[in-house]
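Everything quoted here is computed from the prediction, not taken from an experiment. When a ligand or atom number is given, it counts from 1 through the structure's own listing order. We're numbering straight along the sequence, starting at 1.
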Amino acid sequence: MLELRDIRKTYYTGKVATEALKGISIRFRRNEFVSILGPSGCGKTTLLNIIGGLDQYTDGDLLIEGVSTKKYRDPDWDTYRNYRVGFIFQSYNLIMHQSVLANVEMALTLSGVSRSERKKRAAEALRKVGLGDQINKKPNQLSGGQMQRVSIARALVNDPEIILADEPTGALDSVTSIQIMDLLKEIAGDKLVVMVTHNPDIARDYSTRIVELKDGMLIGDSNPYTEDEVFTEQRVTGRTSMSFLTSLALSFRNLLTKKGRTLLTAFAGSIGIIGIALVLSLSNGVNNMTKELERDALSDYPITVEKTSFDLLGIFSTISEGSKENACEAGKICTRDDLVKATVISDDGLIKKNDLRSLKAYIESSEDFTKYTDEIDYAYNLKLQVFETDGTRVNPTTFKAEDEADLFKELPASKE
Ligand code: ADP
Ligand code: MG
């Protein structure tokens with residue numbers, strides 16, 4: 001799962017270069033307890049920090065699950081450190097003014113876990129390392145062994161796949177060291193543990209593999225990774241895919257842990273969707289309205305078919321053409337036969353008679369007419385003639401009876 005390829009690390013202090021690592025190539029299994037042995041200053045801490053992403057290599061490559069880290073940027077390293085690696089240091093690296101619980105919780109703050117869930121998980125991890133009843137104490141109220149247990153709980157709380165320990169028993173007496181080592185071995189059950197130590201006895205008693213370093217170089221490996229294992233790991237990792245249902249359940253659980261955020265996202269999302277739906281329905285409605293308006297407006301301009309039709313344009317053109325052809329001699333009176341003919345109701349004249357009777361019959365018999373028309377109106381050219389009992393005519397379309405009488409009264413007077 002982890003592979004180092006010719007890793008080199010050079011420190012520069014001023015102009016002096018120190019080569020801490022001189023080309024380390026090693027491969028770790030998914031589940032093993034590796035001890036890195038070697039004298040002080042041989043590069044053990046440097047190597048561990050590079051494996052954990054706390055420090056950057058100068059040359060070579062570190063592969064995580066077969067993927068090169070050469071192009072890793074800071075966020076990638078952050079993710080790797082936060083989710084996959086747990087650190088245990090010789091000097092515990094605890095925050096002294098915060099409670100034991102808060103110290104363990106701290107490792108979870110970057111993982112986006114809710115506050116209550118953080119507390120629950122931190123308390124659980126502390127119980128696992130045997131400190132269930134000390135969670136509210138400050139670290140300086142604990143013994144060295146207890147403090148190292150706190151730092152083990154902190155490394156475990158994220159449930160990482162890799163545990164890196166830099167001389168975890170370096171500051172402890174032998175009895176406490178044994179307790180801590182037992183604990184480490186227990187939690188290493190399904191993880192990769194890489195532990196730096198300068199105590200060969202501890203390395204021999206607890207680890208499944210001992211790697212020896214000297215002057216920044218690898219000088220011994222008790223259980224090297226074989227080519228066969230490379231092959232089987234590739235086959236195993238190739239198959240480690242989640243079932244659809246599992247991933248669905250996991251994502252649902254993830255949503256539930258962030259209820260507030262999920263609700264807010266859903267709310268914001270629905271505002272967008274509802275907005276789009278509103279705009280669409282509004283535009284649809286306006287479209288329908290304009291269509292209706294257009295139809296109504298057109299029905300205000302009906303097609304009228306009258307009993308007689310005048311070809312006005314034809315009449316005018318006849319008049320103007322005729323005046324050119326039949327130029328009349330000055331001082332003589334001429335007739336205009338064409339004009340007379342044109343104004344007479346006839347087949348070849350310009351005033352034509354329509355056969356309204358058969359048109360009406362056709363309209364009433366044909367279905368097409370009712371399909372494409374809004375309304376059909378018939379008007380009969382009848383003038384309403386109303387008479388009063390004394391015989392005077394009251395015609396609503398012309399004058400009122402009195403007005404008519406007045407008019408006739410005045411007429412003779414004007415003649416005079
Ligand atoms: P170990 O943990 O095996 O005792 P280290 O990995 O701490 O050894 O150090 C290896 C070498 O690198 C030492 O010579 C040390 O002086 C040097 N070194 C380690 N860290 C630094 C640093 N930050 N700056 C300069 N030199 C360093
Ligand atoms: Mg060291």
Taking atom 8 (O) of ligand 1 as the reference point, the nearest protein heavy atom with its distance: Gly43 N, 3.3 Å
Geometric class of the Phe89/Phe87 ring pair [parallel <30°, tilted 30-60°, perpendicular >60°]: parallel
Min side-chain heavy-atom separation Met181-Thr169 under 4.5 Å: yes
Numbered atoms and elements of ligand 1 in range of Thr46, under 4.0 angstrom, heavy atoms: 5 (P), 6 (O), 9 (O), 10 (C)
Under 3.5 Å: N/O of Lys44 near N/O of ligand 1: yes
Proximity flag Gly38 to ligand 1, non-hydrogen atoms under 4.0 Å: no
Cationic tip of Lys9 above Tyr11 ring, under 6.0 Å, 45° of axis: yes
Protein heavy-atom partner closest to atom 13 (C) of ligand 1 - residue, atom, separation in Å: Gly41 O, 3.8 Å
Protein heavy atom at shortest distance from atom 27 (C) of ligand 1: Tyr11 CD1, 3.2 Å
Enumerated ligand 1 atoms positioned under 4.0 Å from heavy atoms of Cys42: 3 (O), 8 (O)
For atom 12 (O) of ligand 1, closest protein heavy-atom neighbour: Ala20 CB, 3.4 Å
Verify atom 16 (O) of ligand 1: protein non-hydrogen atom under 4.0 angstrom away: no
Lys/Arg-Asp/Glu bridge criterion (N-O < 4.0 Å) met for Arg204, Asp201: yes
Charged N-O contact under 4.0 Å between Glu105 and Arg118: yes
Pair Glu3 + Arg5, salt bridge at N-O below 4.0 Å: yes
SB check Lys120 Glu124 (cutoff 4.0 Å): no
Heavy-atom protein neighbour under 4.0 angstrom from atom 10 (C) of ligand 1: yes
N, O or S atom of Ser40 closer to the Mg ion (ligand 2) than 2.8 Å: no
Shortest protein heavy-atom distance from atom 2 (O) of ligand 1, along with the residue and atom involved: Thr45 OG1, 2.5 Å
Using a 3.5 Å cut-off and no angle test, enumerate the donor-acceptor pairs between side-chain atoms of residues 279-286 and protein atoms at least two apart in sequence or in another chain.
from, atom 1, to, atom 2, distance (Å)
Ser281, OG, Ala277, O, 3.1
Ser281, OG, Leu278, O, 2.9
Ser283, OG, Leu280, O, 3.0

Charged N-O contact under 4.0 Å between Asp6 and Lys22: no
Atoms in ligand 1 flagged as close to Ser40, the criterion being non-hydrogen separation under 4.0 Å: 4 (O)
